[in-house]
Amino acid sequence: MFEERSPKFDVVALTLAAVAMLVAIALVTYDPADPPGGSVWPPAEQVHNACGAAGAWVAHSLIEMLGLGAYYAGGSLAVVAGLLVGRRRIDQPVVRTLGWTLSLVGVSTAAALLFRGWSPGPLVGAGGYVGAMAQAWLGANFATAGSLLIAAVMLVAGLLLATDYYVFRAAAHTANASGKTLVAAGKLTQAATERLGLQEFAAKRLGRRTDLDAVAAGEDDDAEEEDAEASDEEVEEDEYEEDEEDEAEDDEDWEYEEEEDEAEEEGPAVTTPAGKLAGAAAAVGGMIAGALRGKGAAEEAGVSGEAAAVGSDAAPAEPAPKEAVAVKKPKPKSDREEILESLDAADQRTEFASDYELPPLDLLLPADEISYDQHEKEVRRKAKILEKTFQSFNLNVKVVEVETGPVISQYEVELEPGLRLSKITGLADDLAIALRAPSVRIVAPIPGKNTVGIEAPNDTRQVVRLREVIEETDGQARRMKIPIFLGKDVAGNPMVVDMAALPHLLIAGRTGTGKSVCLNSIITSILMTRGPDEVRMLMIDPKMVELSGYRKLPHLMHPVVTDMKKAEAILGWAVDKMEERYTLLARAGVRHVSTYNQLTEEELRERLESADGERMDEATWSLVPKQLPFIVIVADEIADLMMTAGKEVETHIIRLAQKSRAVGIHLILATQKPTVDVITGLIKSNLPARIAFQVASRTDSRVVLDEMGADKLLGNGDMLFLSPGTSMLLRGQGTYVSDDEITRVVDFVGVGADDQRFATELMTLKTKEEQEAVEAGTPGMLKNRDDLYEAAVDVVVREGRGSVSLLQRCLGIGYGRAARLIDFMAEDGIVGEYNGSQAREVMISTEEWEAMSSGDAEAPAAPTIKAPPSAAAPADIPSEDAAPWEEDEAEEEDTEEEDAEEEELADDEEWVYEEVDEDEEEAEGDEEEADDEEGEWEYEEVDEEEEVDEEEEDAEEEDSAEEDEAEDEEAEEWDEEDEDEEPEGNRLADSA
Ligand SMILES: Nc1ncnc2c1ncn2[C@@H]1O[C@H](COP(=O)(O)OP(=O)(O)OP(=O)(O)O)[C@@H](O)[C@H]1O
């Protein structure tokens with residue numbers, strides 16, 4: 001509904017209201033004796049009608065003509081006047097008038113048939129002349145019963161046409177409210193209104209139905225629900241038609257106020273998310289309104305009603321009804337509450353009994369209010385600019401539909417027959433200039449459509465809040481294992497993906513474009529929906545500040561890792577864990593962790609025993625993990641990791657990426673350096689799901705996405721998402737989670753240091769250098785941390801306090817270095833976890849430290865000296881590091897060194913193998929790229945013949961191809977350098 005009122009319209013509406021009132025008064029005060037009435041003799045000398053002689057004449061004429069139908073006509077006039085005063089427009093006036101006339105004849109006929117001996121005035125009977133004539137004709141052909149039936153059908157059919165079921169729905173509402181069964185409205189209508197209420201029903205139909213009811217009630221209710229749903233369909237039609245009516249009415253407003261807009265019928269359809277729903281409504285509305293709406297009559301549709309306002313992810317199957325100009329309205333409160341409840345209910349899932357309480361949604365900020373009316377005007381204006389720009393290039397291109405998202409709108413253009421696609425794509429920059437936009441991206445063609453999409457930024461950016469994305473996708477997310485609420489696409493639909501299905505994700509973009517915000521929203525998505533028994537996390541944060549806020553999370557398996565050497569070791573551990581889980585799954589005879597988690601304890605035990613061929617004693621059984629949580633490894637900057645231990649990291653990532661899907665280990669890797677030395681061909685080919693934020697050049701875009709496009713992004717969360725298994729890029733606006741929201745969520749779910757359940761095996765994990773140092777019987781690992789590390793440990797152990805200020809004072813160093821030393825100590829298990837305002841607890845004794853620092857081979861290595869109490873997994877949470885085949889670990893320790901050597905050899909062999917693979921794959925990759933380029937080249941070549949402008953683009957293509965090659969070479973050089981350096985590193989370690 002438009003805010004501004006139109007004086008012209010109001011004058012017409014008020015005049016009609018006055019006329020309706022006069023007619024009503026005239027009818028009510030009708031006196032048959034008033035002239036010109038002739039049924040009473042003598043006629044009254046003075047007119048009794050309250051509206052005087054004119055009123056008497058009007059009343060007499062109407063009643064004479066229609067009988068009781070006159071009152072129906074008067075009432076109808078009043079309703080129409082009321083609608084107009086309330087700025088409700090009446091769409092399809094011809095159909096409505098015809099319907100109303102039919103119902104009027106029905107009323108008069110019925111009156112004539114039913115009240116044969118009585119009349120309000122006219123001599124011809126209660127139905128006036130109209131009723132009498134109809135009665136005479138019908139009576140001659142159908143007798144009384146048939147005539148009555150026909151009159152009733154005329155009345156009902158006329159009402160349907162005139163009001164689109166409105167009268168019947170209103171009757172159903174009334175009956176429902178009073179608790180009576182409305183027989184006439186039928187059992188189906190009643191069932192639907194009782195179960196859901198019409199609004200809720202429409203909302204759910206429009207994509208917001210959650211499956212929680214089904215989950216809570218169990219499958220038993222399914223049949224019953226299906227029945228009810230079948231009945232819902234009936235009501236649904238009514239509801240949609242009402243929506244459609246609303247849309248149409250409001251859209252007429254639009255027409256009215258935008259009279260200067262030429263040929264509105266041919267204007268593009270603007271589809272906001274709500275518009276899509278309204279479109280769906282129109283589709284269901286069917287014959288009465290939909291069929292009468294011609295193609296391109298977009299403006300006949302209008303603002304959707306409540307129902308259309310609430311949902312967004314239910315795009316109509318057919319594009320036809322998208323003609324709706326729809327305005328999104330705030331969601332009804334009841335819906336939000338329902339979602340809140342549903343999220344609360346989610347932790348009652350039976351598979352994982354956890355004391356983790358899901359954070360309530362109100363910890364997150366609600367969606368910002370925006371003016372959709374303003375937005376619609378803007379996109380319509382831009383659609384016209386686009387058409388004009390095309391015309392100035394002598395191209396006849398029509399904008400047929402507009403999808404509007406939070407930051408970007410997609411204008412769908414239809415090409416005239418014979419127009420080459422390349423002519424449109426070549427105009428990207430000209431269109432950007434015409435629209436005064438920094439850049440415009442052309443999607444040609446839009447997948448699944450015969451139109452071309454032009455993505456242009458909106459004048460006002462809308463921030464996409466996590467809360468709104470969660471609210472709009474709840475039903476969908478509930479079926480996912482690890483739902484990630486990425487953002488909203490160009491049509492405003494929420495983008496939600498299942499991390500378990502991706503299964504690994506690469507995030508790249510230049511600095512300040514939204515990577516960290518994206519990582520934060522991914523992590524918060526997990527916190528909002530999954531407990532630590534379902535998803536465990538490992539965080540690698542070379543920047544030290546980005547992920548430090550998450551240190552209190554119960555999901556963490558290890559404190560946030562800031563030391564890249566440790567990070568490399570952790571990735572290595574993940575590879576081992578993956579293999580270990582594979583073995584466990586194989587023994588249990590299942591193919592995926594989720595299937596494993598569904599096994600009952602009896603089933604699991606049975607399967608393992610039958611795999612071993614012997615009974616399992618209780619001690620062994622207690623060590624078998626009964627549930628395998630998903631493990632998500634988040635690395636904020638892999639460039640640093642690659643610099644520290646490129647080859648190893650690459651090998652780990654590749655092995656994880658190739659195999660870890662089934663065992664539930666997932667990688668999320670981010671980088672601000674999307675170059676081939678960081679995102680090597682092998683890493684890229686193993687991480688099929690990618691998110692690109694704005695990058696510096698086309699070359700970078702090709703590195704991340706294998707095609708251009710990311711260079712045209714706007715920054716600040718504007719992203720392209722490549723979903724695995726497709727080459728289709730989905731543009732969207734990333735979810736924004738502010739620091740305050742993160743703090744609130746982390747405070748809600750966070751636990752104290754003592755309650756954190758770090759994995760012991762990770763806490764005691766040794767980096768490569770540490771391992772080598774231990775093997776060499778030297779404390780070199782300590783030196784590798786920091787020159788002052790040993791001195792710092794000395795101070796801490798001697799004082800019995802892990803305090804930063806203590807180190808600062810004793811060693812005369814700055815805060816940063818002292819804090820880093822303490823962090824290293826925490827990672828090595830020398831001091832305990834962060835303890836609020838208290839100094840950290842020291843976990844080793846002076847003797848143990850002396851043994852360590854003197855390099856005494858007998859002394860246990862620092863991390864294994866004494867695991868912090870928090871590091872031990874509690875008994876109720878099955879620790880994975882306690883798999884039964886590890887039972888003999890202690891006995892095997894002696895042979896560990898030998899094994900390690902063997903493993904190294906094996907690794908070397910594997911490495912050679914991998915190297916060959918890599919070469920092969922790179923060669924393949926290059927070939928593919930070359931193919932691609934050739935394809936593009938051919939394409940461009942053809943264009944070139946026609947458009948001189950495009951020569952430049954080709955040249956750029958060539959450049960970018962050359963750049964690619966250069967970068968590939970660079971990468972190879974880098975690899976070689978790295979290989980060269982490796983022995984040196986070993987030498988250093990040896991000498992240490
Ligand atoms: N989805 C988003 N919506 C709105 N604004 C965003 C969004 N994502 C990022 N921004 C804006 O961009 C700024 C930088 O984002 P962010 O810190 O995530 O960038 P980055 O790519 O991680 O940068 P760096 O690599 O330097 O860490 C944010 O402070 C915020 O203002």
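All residue numbers in this chain count up from 1 along the given sequence. Since this is a predicted model, take the numbers as computed values, not measurements.
- Residues L27 and V23 are in side-chain contact: their nearest non-hydrogen atoms beyond the backbone lie under 4.5 Å apart.
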- Test side-chain contact (heavy atoms from CB on, under 4.5 Å) applied to V19 and L77, step by step: CA-CA 8 Å; V19 170; L77 194 63; 4.1 Å; yes
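- A heavy-atom distance below 4.5 Å is found between the side chains of M65 and V130.
- Of the candidates K382, R381, R380, E378 forms a salt bridge (Lys or Arg N to Asp or Glu O under 4.0 Å) with just one, namely K382.
- Once rounded to the nearest 0.5 Å, the distance linking CG of N493 with CD of E472 reads 8.5 Å.
- At least one donor-acceptor pair under 3.5 Å links the side chain of T29 to the backbone N or O of A50.
- Shortest non-hydrogen contact noted between L104 and G69 is CD1-O, 3.3 Å.
- Without hydrogens or angle criteria, E387 side chain to V399 main chain gives a donor-acceptor distance under 3.5 Å.
- Remark: W100 pairs with S76 by the side-chain hydrogen bond (donor to acceptor under 3.5 Å, both in side chains) rule, at least two apart or across chains.
- Between T97 atom OG1 and L102 atom CG the span is 12.5 Å, to the nearest 0.5 Å.
- Note: L62 CG to E64 CD = 11.0 Å, rounded to the nearest 0.5 Å.
- Distance CG/D31 to NE2/H60: 12.0 Å, rounded to 0.5 Å.
- Contact record, G405 with H375: O-NE2, 4.0 Å, taken as the closest heavy-atom pair.
- The closest side-chain heavy-atom distance from Y411 to V379 is below 4.5 Å.
- The backbone N or O of L66 lies less than 3.5 Å from a partner atom in the side chain of S108, making a donor-acceptor pair.
- Atom-to-atom distance recorded for L68:CG and T109:OG1 is 12.0 Å, nearest 0.5 angstrom.
- Looking at N49, its side chain does come within 3.5 Å of a backbone N or O of A26 through a donor-acceptor pair.
- Across all non-hydrogen atoms, the minimal contact from Q410 to G453 is CG-CA, 4.0 Å.
- Between the side chain of D34 and the main chain of Y30, no donor-acceptor pair closer than 3.5 Å is present.
- Between A81 and A17, the shortest heavy-atom distance links the atoms CB-CA, 3.4 Å.
- Closest of all the heavy-atom pairs between G99 and L161 is CA-CB, 3.7 Å.
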List, one per line, each side-chain donor-acceptor pair under 3.5 Å for residues 146-157, sequence neighbours excluded.
residue: S147; atom: OG; partner: L138; partner atom: O; Å: 3.4
residue: S147; atom: OG; partner: A143; partner atom: O; Å: 2.4

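- Of all the heavy atoms in E403 and A491, the pair that sits closest is OE1-CB, 3.3 Å.
- Of the inter-residue distances, the one linking M21 atom CE with L16 atom CG reads 10.5 Å to the nearest 0.5 angstrom.
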